[in-house]
Amino acid sequence: MRSILKNCQDMIGLHQLEIGKKALIKKFLREDILLKTLEMGMLPNTEIEITCIAPLGDPICVKVNGTMLSLRKAEASSIQVEVLV
Amino acid sequence: MKIALIGNPNSGKSSLFNQLTGLNQKVANFAGVTVEKKTGYFTLPSQEKVELTDLPGTYSLYPKSLDEQVVIDFLLSQQSKEAPDLILVVADAANLQRNLLLFDEIKDLGFGVILVLNMIDLAEQSGWEIDTEQLQKSLGVPVIATNARNGKGISSLKEAIQNFQKKELKQPKLKIFAGLEDLIQEVKNYTHTKNDYIAWLYLQHYERLHFFSEKDKDYLQKLQIQYRFKSLSMQTQETLERYSSLGNIVAESTLKHEKPRNPIWISQKIDKILMHKFWGFGIFILILLLMFDAIFQWAELPTTFIEEQTSALQEFTKNKLPNGWFAELLSDGIIAGIGSVLVFVPQIALLFGFIAILEESGYMIRAMIMMDKLMRRFGLNGKSVVPLISGVACAIPAIMATRNIDNRKERLITILVTPFISCSARLPIYTVMIALVIPQGSFLGFLSWQALALLSMYLLGILMALFASIILKKILHFQDNSYFVVEIPTYKIPRWKNVGITIWEKVKTFSIEAGKVIVVISIILWALASFGWGDSLEQAENKIRKNNPTLNEEQITPFVSAARLEASYAGMLGKFLEPAIEPLGFDWKIGIALVSSFAAREVFVSTMSVIYGLGTDDEQSVRKRMSQELNSSTQKPFYNLAVGLSLMVFYAFAMQCMSTFAIVYKETKSWKYPLLQLIAMNLLAYLFSLATYQILVNFV
């Protein structure tokens, strides 16, 4: 019981990840975003990190699997990640 | 031999293409779509000639945009005579697992494949150690490492192509096929395909493949429903399955060392400055201003040179050929028309050169990222940045650059508003009018009024573009979702060869696309200006000669030309328009110029020179003569502030460029949009010009 609760607590939307903190991609809430980002290297259980935020707060830049990508906050919010300590 | 080049965006595919084919390339369109198809030629060591087709960059065989769509169309139409004998899959060696996804899918289609591991130097700098022999064994295809930027590995690649022997086709075995063998078999039977994966892709993509008839699509749809084939879910599973097996292969053949100063680390450091929260925007605007300043300054000399040579050629033609309509058609219709196209080449070449440099270096993507949120407010996309900037040179290549915007609404709005950006052709009108009506002197001692006026005209275009975007955003209704998921390449030093080839291609496109329309319309307008009803032209000429018996031939020629123009069809059109344009402060002489501007806006100046009876069309003389023109009712200078501003505003907004009309039709595949543009823009031009003139005359 506690382990399930712990998992839920540790999963946040990618857009909420702090710059510099590393996380693990866990779940995709939208199939269309999943398909678009999957083939660009955002695979489940791979490490991801936010590297920059555009001047107006949107889009964000991420580093995943040796590649740098950029996506909008709306799209990032549909990707659930688990923060790594 | 026919070869197709395919790979991820940013994998250095175009560098490789340019390395292999040099300037030996041509650009056409893929069948039925306005997506560029680059084809080039090179020879193998054995002297065999190879035709290389560059396919648009894509991440997989599941297209997300128009140009990615072209890839599956090209690969899946088996009956096509364009079917390649061999496919070169280009992969970024530093991002192997992801780049191999496309390779893995292509391999299953049954084509002969060679894997090109490109950017091998960057991979090494990132700490990668790649065992190409092991990779070759695991993947079952030849693997060649290259550095397309400096040509390393190209000769090995050519050898591998020459020695390539197609192996026996093994049917692709995917776990996702399990349980659906019957479905696949039915598709294979119906489409006469032997390959399981091709059948699979037919099932996934049938709606978008143009070689399927309605009957075919219905049949495949029925099959999907019958077998409960869930498209998206299958796509996800397939991608995950492929990645999984690729992960193992990559792990077996590569080793990654931690390298502290790797290209990504360097790029991130640079981004801290260039994509800074506060300064990022400012730096971008600064770069743009420097760019435009350089373009206008550096283009002056070549532009003047071309103008002079065109005039010289016209003179030469008139002297060498016997007097008559043919000499005039050649000189004032055709040569003048071609001249008016070529005169913009310096500005266009420079602008596209700078854009190419920004793209090659990797900065352009960052600019798009920074601008995306702002653009979205206007119904545009971060990717709209390049077309809008390009519009300062010419709207034609700018509109063609909208092809990478996947969202239909955003792409359409970008196409429709780009012509509001003041292009090179409007500049001569602005400079002549500003010199005529804006006083010398400066604001606060250093900002000259004239420079401010010019800047304002450009700002006006930008503001109107944004204003039109917002309106279109509200009234156009499309269903597509808008996405912005892009790869950020590492910063690279631009490859000058690529920049040069890009400039060449863009200039060629402009010259041909715009040129076609401009030359034809120039000829039509020349005819309108050279012929009149009955013998009206002869009568006008005789009248002038009668009233000026003392003038010699050279002195009387300008007056004769002016009189003939007034009596011609063009003159009649001008007089016909006069009542409509009088509220804008224009007279029938300007009316003629407005009509001739439909060929090309800049023809305004040369038309003015003829109307005012000048022997020459150099700007200084035209300006001087126009400043002497008096308004018949007030006896004050005709070209005052009100008229000048009204005219500039009109040209800022009016859609007169028929070449733009033609390109919008081609890119939107419909008459609806270019017509909408034509009517709306000219209406706006009329209303704003009217407002400008009336306000200045009555209240100022």
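Within every chain, numbering begins at 1; the chains are lettered A, B, ... in the order of the sequence lines, protein sequences first and strands thereafter.
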**Q** Among side-chain atoms of N95(B) and T67(A), is any donor-acceptor pair under 3.5 angstrom?
**A**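 Yes, a side-chain donor-acceptor pair sits under 3.5 Å.
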**Q** Please look at K73(A) and chain B and tell me whether the side chain, the backbone, both or neither of the residue comes under 4.5 angstrom of a heavy atom of that chain.
**A** neither
**Q** Evaluate side chain to side chain donor-acceptor pair (under 3.5 Å) for T51(A) paired with Q268(B), printing each intermediate quantity in order.
**A** CA-CA 8 Å; T51(A) 56; Q268(B) 280 181 247; 4.8 Å; no
**Q** Could you tell me which portion of L34(A) (side chain, backbone, both or neither) has an atom closer than 4.5 angstrom to a non-hydrogen atom of chain B?
**A**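 The side chain, not the backbone.
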**Q** Given a strict heavy-atom distance threshold of 4.5 Å, which part of L374(B) is in contact with chain A: side chain, backbone, both, or neither?
**A** both
**Q** Give, as side chain, backbone, both or neither, the part of E39(A) having an atom under 4.5 angstrom from any heavy atom of chain B.
**A**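 Interface part for E39(A): both.
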**Q** Where does the angle between the aromatic ring planes of F284(B) and Y363(B) fall among parallel (under 30°), tilted (30 to 60°) and perpendicular (over 60°)?
**A** tilted
**Q** How far apart are the closest heavy atoms of P44(A) and L38(A), and which atoms are they?
**A**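 Minimum heavy-atom contact is CD-CD1, 4.1 Å.
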**Q** For S126(B), which atoms come within 4.5 Å of any heavy atom of chain A: side chain, backbone, both, or neither?
**A**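 Contact with chain A is absent: no heavy atom of S126(B) under 4.5 Å.
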**Q** If you count the non-hydrogen atoms of other residues, nucleotides and ligands that lie under 6.0 Å from CH2 in W279(B), is the total more than 12?
**A** no
**Q** Does any heavy atom of chain A fall under 4.5 Å from the side chain of Y483(B), the backbone, both, or neither of them?
**A** both
**Q** Return the option, out of K256(B), R376(B), M368(B), with the maximum number of heavy-atom pairs under 4.5 Å with chain A.
**A** R376(B)
**Q** Among I33(A), I60(A), L35(A), who wins on heavy-atom pairs under 4.5 Å with chain B?
**A** L35(A)
**Q** Under 4.5 Å from any heavy atom of chain A, what part of Y243(B) do you find: side chain, backbone, both or neither?
**A** side chain
**Q** Between V486(B), L102(B), N10(B), I264(B), who has the most heavy-atom pairs with chain A when the cutoff is under 4.5 Å?
**A**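 Of the options given, most contacts go to V486(B).
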**Q** Would E487(B) and R98(B) pass as an ion pair if we require N to O under 4.0 Å?
**A** yes
**Q** Using a strict cut-off of less than 4.0 Å between a Lys/Arg side-chain nitrogen and an Asp/Glu carboxylate oxygen, indicate whether D372(B) and R377(B) qualify as a salt bridge.
**A**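 R377(B) and D372(B): not salt-bridged.
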**Q** Name the member of A74(A), P55(A), S70(A), A76(A) that forms the most heavy-atom pairs with chain B at distances under 4.5 Å.
**A**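 Maximum pair count with chain B is reached by S70(A).
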**Q** Before accepting this row, confirm whether a basic side-chain N of the pair R72(A)/D58(A) lies closer than 4.0 Å to the acidic partner's carboxylate O.
**A** no
**Q** Do the side-chain N and O atoms of Y491(B) and D271(B) include a donor-acceptor pair separated by under 3.5 angstrom?
**A** yes
**Q** Among T236(B), I365(B), T239(B), which residue forms the greatest number of heavy-atom pairs with chain A at distances under 4.5 Å?
**A** T236(B)
**Q** What part of L101(B) gets within 4.5 angstrom of chain A, counting heavy atoms only: side chain, backbone, both, or neither?
**A** side chain
**Q** For L43(A), is it the side chain, the backbone, both or neither that has a heavy atom under 4.5 Å from a heavy atom of chain B?
**A** side chain
